[in-house]
Amino acid sequence: MNTTNILPAKSDSEIHEIANLAEEIWHQHFTPIIGEAQVNYMVDKFQSYPALQKQIEQDGYEYYQLFISHTFAGYMGIRPEAESLFLSKLYIKKDCRGQHLATEALSFLVKLCKERGLKKIWLTCNRHNDNTLAVYDHLGFVITDEQAADIGNGFVMDDYILTYTI
């Protein structure tokens, strides 16, 4: 049986590992949804090592590495807010999907929210990311709003906002 471990990413090398995995996952998963040009732009702007470092140092983000047994299988980026937790990133490698890692990640986040007195978890998800939307629906998230955010360079993030109440 595989064991799941969720560990805070604290060291420079761990943040580099996350950025490298982000590039792999984003190109594999999102290119068919939003195209290669937008994937390249978004990886550089939001998922690269310098972007992750800035989010941690200046914007209050925390990053976690997800492991199945000893395999680095995915990562999460979160930002605590006044009464909620923003789940900015939850990405799992293609060959590690379907092993309930998202369920384990949600359990971890619910526990974290309870410890910190936070009442909900919210996230954004591309409206055309059907498989991921189905996973979040299965986990108990509900679509509570939608947004189209101009992210520069002629690109827009066309997302649903999903919420999970603790």
Side-chain angles (χ1 to χ4, degrees), residues 2-57 59-79 85-109 112 121-141 143 147-149 151-153 155-162 164:
N2 290 330
T3 57
T4 301
N5 287 307
I6 300 174
L7 303 172
K10 298 285 188 189
S11 73
D12 227 32
S13 65
E14 291 165 339
I15 302 304
H16 272 290
E17 288 172 1
I18 288 173
N20 291 337
L21 183 58
E23 186 161 3
E24 173 189 331
I25 291 171
W26 269 72
H27 281 92
Q28 175 273 316
H29 185 79
F30 286 102
T31 299
I33 298 171
I34 60 175
E36 187 173 355
Q38 187 166 346
V39 167
N40 288 337
Y41 178 76
M42 291 182 72
V43 166
D44 184 56
K45 186 172 177 83
F46 301 113
Q47 306 283 338
S48 65
Y49 173 77
L52 299 179
Q53 274 300 102
K54 179 185 177 291
Q55 292 163 18
I56 293 166
E57 292 171 2
D59 302 327
Y61 281 76
E62 301 168 26
Y63 278 88
Y64 294 85
Q65 292 180 297
L66 311 176
F67 293 89
I68 297 175
S69 295
H70 298 290
T71 301
F72 180 32
Y75 66 100
M76 292 188 296
I78 62 171
R79 185 185 69 220
L85 184 75
F86 174 48
L87 176 56
S88 173
K89 300 165 185 73
L90 172 56
Y91 298 107
I92 300 169
K93 285 173 61 167
K94 185 176 184 176
D95 61 347
C96 296
R97 294 179 195 146
Q99 299 182 47
H100 307 286
L101 193 52
T103 301
E104 294 288 335
L106 180 60
S107 295
F108 174 87
L109 293 174
L112 190 70
I121 301 168
W122 71 278
L123 59 91
T124 61
C125 185
N126 183 286
R127 294 179 211 212
H128 305 290
N129 193 350
D130 297 331
N131 291 340
T132 302
L133 287 167
V135 169
Y136 284 126
D137 179 65
H138 175 75
L139 292 173
F141 282 83
I143 295 171
Q147 71 179 13
I151 57 170
N153 218 36
F155 298 115
V156 173
M157 289 192 322
D158 190 20
D159 294 337
Y160 287 122
I161 298 172
L162 292 89
Y164 181 93

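Numbers here are sequence positions counted from 1.
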Atom [atom1] in [X], atom [atom2] in [Y]: separation rounded to 0.5 Å?
X	Y	atom1	atom2	answer
Q99	K93	CD	NZ	11.0 Å
M42	S48	CE	OG	12.0 Å
I18	K89	CD1	NZ	10.0 Å
I34	W26	CD1	CH2	5.0 Å
I68	D95	CD1	CG	8.5 Å

Problem - Evaluation steps, side chain to side chain donor-acceptor pair (under 3.5 Å), between N129 and H29 - result: CA-CA 9 Å; N129 193 350; H29 185 79; 3.0 Å; yes
Handout entry: F86 and W122 aromatic centres sub-6.0 Å
Key = yes
Is a donor on one side and an acceptor on the other found under 3.5 Å between the side chain of [X] and the backbone of [Y]?
X	Y	answer
E104	T3	no
H138	A134	no
Y41	I151	yes

Handout entry: Derivation of the side chain to side chain donor-acceptor pair (under 3.5 Å) call for S13 and S11
Key = CA-CA 5 Å; S13 65; S11 73; 3.1 Å; yes
Practice task
Using the six-membered ring wherever Trp is involved, compare the ring planes of F30 and Y91 and label them parallel, tilted or perpendicular (cut-offs 30° and 60°).
Solution key: perpendicular
Exercise for the section: Answer yes if the side chains of R127 and Y160 hold a donor-acceptor pair under 3.5 Å, and no otherwise. Expected result: no
Handout entry: Positive for side chain to side chain donor-acceptor pair (under 3.5 Å) with Y63, one of E14, Q55, K10
Key = Q55
